[in-house]
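This one's a predicted model, so the numbers in the text were calculated from it and none came from an experiment. Letters A, B, ... are given to chains in the order of the sequence lines, protein chains preceding strands, and every chain is numbered from 1.
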There are 2 protein chains.
Amino acid sequence: MSLEPLKQMALLGALGSSITISSAEFAQYLKTSPQTASRKLQILEQENMITRKMLPSGQEITITEQGILALQKEYHEYQQIFGDYEEMRLSGVVCTGLGEGRYYITLEGYLRQFEQKLGFTPYPGTLNIELNPYSINLRRRLEIMNDIHIEGFEDGVRTFGSAKCFKVTIDDTGGAIVIPNRKHYPDNILEIIAPVNLRERLNVSDGCEVEVVLCRT
Amino acid sequence: MSLEPLKQMALLGALGSSITISSAEFAQYLKTSPQTASRKLQILEQENMITRKMLPSGQEITITEQGILALQKEYHEYQQIFGDYEEMRLSGVVCTGLGEGRYYITLEGYLRQFEQKLGFTPYPGTLNIELNPYSINLRRRLEIMNDIHIEGFEDGVRTFGSAKCFKVTIDDTGGAIVIPNRKHYPDNILEIIAPVNLRERLNVSDGCEVEVVLCRT
DNA sequence: ATTACTAGTTTCCGAGTAA
DNA sequence: TTTACTCGGAAACTAGTAA
C-alpha cells in the first residue's frame with residue numbers, strides 16, 4: 001500500500017472537498033501512464049481510501065476518513081523525524097524496575113516539589129516502560145527540552161540528585177515522566193508517576209503495550 | 001525512488017548521528033525480507049542517500065545531506081496538506097494581466113496605505129503569476145489567514161474596494177501579494193507588488209517559473 | 001552471525017483495445 | 001474524449017547459496 005497517490009490527491013485539494021480529475025491528468029502528477037493512474041485510483045477505492053463518482057469528463061474523488069487517517073499517520077512520522085510536533089508519543093511495554101522509584105518518590109524532599117510543580121501527589125510507585133527503538137530515539141530529545149526541574153537536596157546523611165519531569169497523559173490519565181539527572185541513566189526506560197496506581201487504572205501488567213503522550217508546552 | 005526505507009532510518013535516529021543495524025533487523029522495520037532490506041540499503045547508498053561502513057555485526061549508517069533534503073521535501077508536502085507550516089510556497093508561471101494593477105497601485109488612497117503597512121513604495125506595476133494546481137489549492141488558505149488589510153475609499157466619483165496583502169519574498173526580494181476583496185476574483189492568479197520592477201530584478205518574462213515564499217506571522 | 005549474489009516466482013507497468 | 005480490460009515485458013521480491 002503506497003501512500004504516494006493519496007498524497008498527491010491531498011495536495012490537489014481533495015482533503016476539504018471533492019475534486020474532479022481524469023486518470024490522464026492524475027497520471028501527470030504521479031509521473032506515470034494513464035493506465036497506471038487509473039489502476040491506482042481503483043486500488044485506492046478498494047482500500048477505502050477514496051470514494052469515486054464517475055462522470056463523463058473524469059471522476060469526482062473524495063478522500064475518506066480512513067484516507068485522512070493514513071495521511072496523518074505518515075505526517076506524524078515525519079513530524080517525529082524533524083521534531084516539529086505539538087505532541088510526542090512514546091510507546092513501549094510495561095516492565096518491572098528495581099523498586100527504587102517507590103522509595104525516592106516518598107521522600108519528603110521530592111514529594112513537596114512534585115505536589116507544587118506537577119499539581120498532584122504521586123502514588124508511591126513508578127510505572128516503568130521499556131521503550132521501543134523509535135521511542136528511545138524520541139526520548140533523547142527530552143534531554144534538551146524545557147523540563148519541570150526537580151531540585152536535589154540533602155538530609156544530612158546523603159545527597160539526593162535533581163531530576164527532570166515532563167507532564168504526560170496515558171490513556172486520559174494525567175501523570176509525569178521522571179528522569180533522574182545522573183550519568184549512565186538508561187535511555188530505554190521511562191519512569192512514570194501519577195496520582196493513581198497506573199497498573200490498576202490502565203489494567204496492565206509486565207509486557208503490555210502502553211503509550212504516553214507528551215504535550216509540548 | 002521510494003523514501004520509505006530512508007524514512008525508517010531517520011525514525012531509528014540516523015539523522016543526528018549514525019546508527020548501527022543489520023539488514024535482518026532493518027527488514028523488520030520495513031516489514032520485508034532481509035534480502036530486500038539489504039538491497040534497499042545498497043540502493044540508498046547508490047543514490048547517495050546514505051553512507052555505509054561495514055562492520056562484522058552489521059553496518060554503520062549515516063544519512064547524507066542529500067538524504068536529509070529528500071526527507072525534508074516530503075515532510076514539506078505533508079505540511080502543505082495539513083497546513084502546519086511556517087512558510088507557504090506558491091509557484092507558477094509569469095503572465096500578463098490586464099494592466100489594471102498599475103493603475104490601482106498608483107492611486108493616492110492605496111499608495112499611502114502600502115507605504116505605511118508594507119513599508120515600501122511599490123513599483124507602478126504588478127507581477128502576475130498563473131499558479132499551478134497545487135498552489136491554487138494553497139492560495140485558498142490565504143482567504144482565512146491573517147492579512148494586512150488595505151482599506152477601500154472613495155474619491156467622490158467612484159468607490160475603490162478594500163484588499164488583502166501578504167508579505168512575501170521572491171528570490172530574496174521583498175514584496176507583497178495583493179488580493180482585491182471582490183467576488184469572482186480569479187483564484188489561479190497571484191498579483192505581486194514590490195519596491196522594484198520584479199520582471200527586471202528577477203529577469204523573467206511570460207512563461208517563466210517563479211516561486212513566492214510567504215512567511216506566516 | 002553477517003552481506004550479497006543467483007535463480008525462480010510474483011508483482012507491476014504500460015501499450016493496445018474495447019466499451 | 002473517458003474508464004478499464006488484456007497481455008507481454010520489465011522490475012521487484014524471496015529462497016537458497018557462497019563468502
Side-chain angles (χ1 to χ4, degrees), chain A residues 1-14 17-64 67 70-71 74 132-133 136 188, chain B residues 1-14 17-64 67 70-71 74 132-133 136 188:
Chain A
M1 180 216 59
S2 172
L3 275 186
E4 185 62 26
L6 194 61
K7 188 193 73 180
Q8 292 297 334
M9 293 279 6
L11 282 169
L12 287 166
S17 55
S18 57
I19 64 166
T20 301
I21 197 172
S22 71
S23 298
E25 191 185 345
F26 190 47
Q28 296 188 312
Y29 294 110
L30 288 185
K31 293 183 172 61
T32 184
S33 67
Q35 291 92 333
T36 296
S38 174
R39 195 153 15 87
K40 297 287 189 191
L41 290 174
Q42 291 177 52
I43 293 170
L44 282 178
E45 188 181 33
Q46 284 167 24
E47 293 176 334
N48 292 314
M49 294 296 186
I50 63 171
T51 56
R52 298 194 294 168
K53 186 188 288 181
M54 289 307 177
L55 302 173
S57 60
Q59 36 198 306
E60 191 182 288
I61 292 169
T62 312
I63 298 182
T64 64
L71 288 169
E74 189 73 3
N132 63 41
I136 291 173
N188 63 327
Chain B
M1 178 216 62
S2 172
L3 275 185
E4 186 61 26
L6 194 61
K7 189 192 73 180
Q8 293 296 334
M9 293 280 6
L11 282 168
L12 287 166
S17 55
S18 57
I19 64 166
T20 302
I21 197 171
S22 72
S23 298
E25 191 185 346
F26 190 47
Q28 297 188 312
Y29 293 110
L30 288 185
K31 293 183 172 60
T32 185
S33 66
Q35 291 91 336
T36 294
S38 173
R39 193 158 29 82
K40 297 285 190 192
L41 291 174
Q42 291 177 51
I43 293 170
L44 282 177
E45 188 180 34
Q46 283 168 25
E47 293 176 334
N48 292 315
M49 295 296 186
I50 62 170
T51 56
R52 298 194 294 168
K53 186 187 290 180
M54 289 306 178
L55 301 173
S57 60
Q59 35 198 308
E60 191 181 290
I61 293 169
T62 312
I63 298 182
T64 65
L71 288 170
E74 189 73 4
N132 63 40
I136 291 173
N188 64 326

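Distances shown here put a side-chain N or O of Lys40(A) below 4.0 Å from the OP1 or OP2 atom of dC13(C). A close approach under 4.0 Å does not occur between any side-chain nitrogen or oxygen of Arg39(B) and OP1 or OP2 of dA12(D). Phosphate contact (OP1/OP2 of dT3(D), side-chain N/O of Ser38(A), threshold under 4.0 Å): absent. Between Ser23(B) and the phosphate of dT2(C), there is no side-chain N or O to OP1/OP2 separation shorter than 4.0 Å. For dC13(C), the OP1/OP2 oxygens have no side-chain nitrogen or oxygen of Thr32(A) closer than 4.0 Å. At the phosphate of dA4(D), OP1 or OP2 sits under 4.0 Å from a side-chain N or O atom of Arg52(A).
In summary, of the residues considered (Leu44(A), Ile63(A), Leu71(A)), a side-chain contact (heavy atoms from CB on, under 4.5 Å) with Met49(A) occurs for Leu44(A) alone.
In this entry the distance linking CE of Met54(A) with P of dT1(D) reads 19 Å, nearest Å. Computed from coordinates, the Ile43(A) CD1 to dA4(D) P distance equals 12 Å when rounded to whole Å. The CG-P distance, from Leu44(A) to dA4(D), rounds to 13 Å in whole Å. Rounded to an integer number of Å, the gap from Leu30(A) CG to dG14(C) P is 10 Å. Between Lys31(A) atom NZ and dC13(C) atom P there is a gap of 16 Å when expressed in whole angstrom units. Note: CD (Gln46(A)) to C1' (dA4(D)) measures 12 Å, nearest angstrom. One atom, CZ of Phe26(A), and another, P of dG14(C), lie 14 Å apart when rounded to the nearest Å. Between Ile21(B) atom CD1 and dT2(C) atom P the separation is 11 Å, expressed in whole Å.
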Worked check of side-chain contact (heavy atoms from CB on, under 4.5 Å) between Glu45(A) and Thr51(A): CA-CA 6 Å; Glu45(A) 188 181 33; Thr51(A) 56; 5.8 Å; no
Does the pair Glu4(A) and Lys40(A) meet the rule for a salt bridge (charged side-chain N to carboxylate O under 4.0 Å, His left out), with working shown? CA-CA 10 Å; Glu4(A) 185 62 26; Lys40(A) 297 287 189 191; over 6 Å; no
Report the C-alpha separation of Leu41(B) and Ser23(B) in whole Å, then their side-chain angles, then the decisive distance to 0.1 Å, and conclude whether the side-chain contact (heavy atoms from CB on, under 4.5 Å) test is met. CA-CA 8 Å; Leu41(B) 291 174; Ser23(B) 298; 4.1 Å; yes
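Listed candidates were dA4(D), dT14(D), dA4(C). Nearest to the side chain of Gln42(A) is dA4(D). Residue Gln35(B) has its side chain nearest to dC5(C) when only dC13(C), dA12(D), dC5(C) are considered.
Using a 4.0 Å heavy-atom cutoff across all strands shown, Thr36(B) reaches at least one base atom of the nucleic acid.
A salt bridge is defined here as a Lys NZ or Arg NE, NH1 or NH2 lying under 4.0 Å from an Asp or Glu carboxylate O, and Lys7(B) with Glu74(A) meets this definition.
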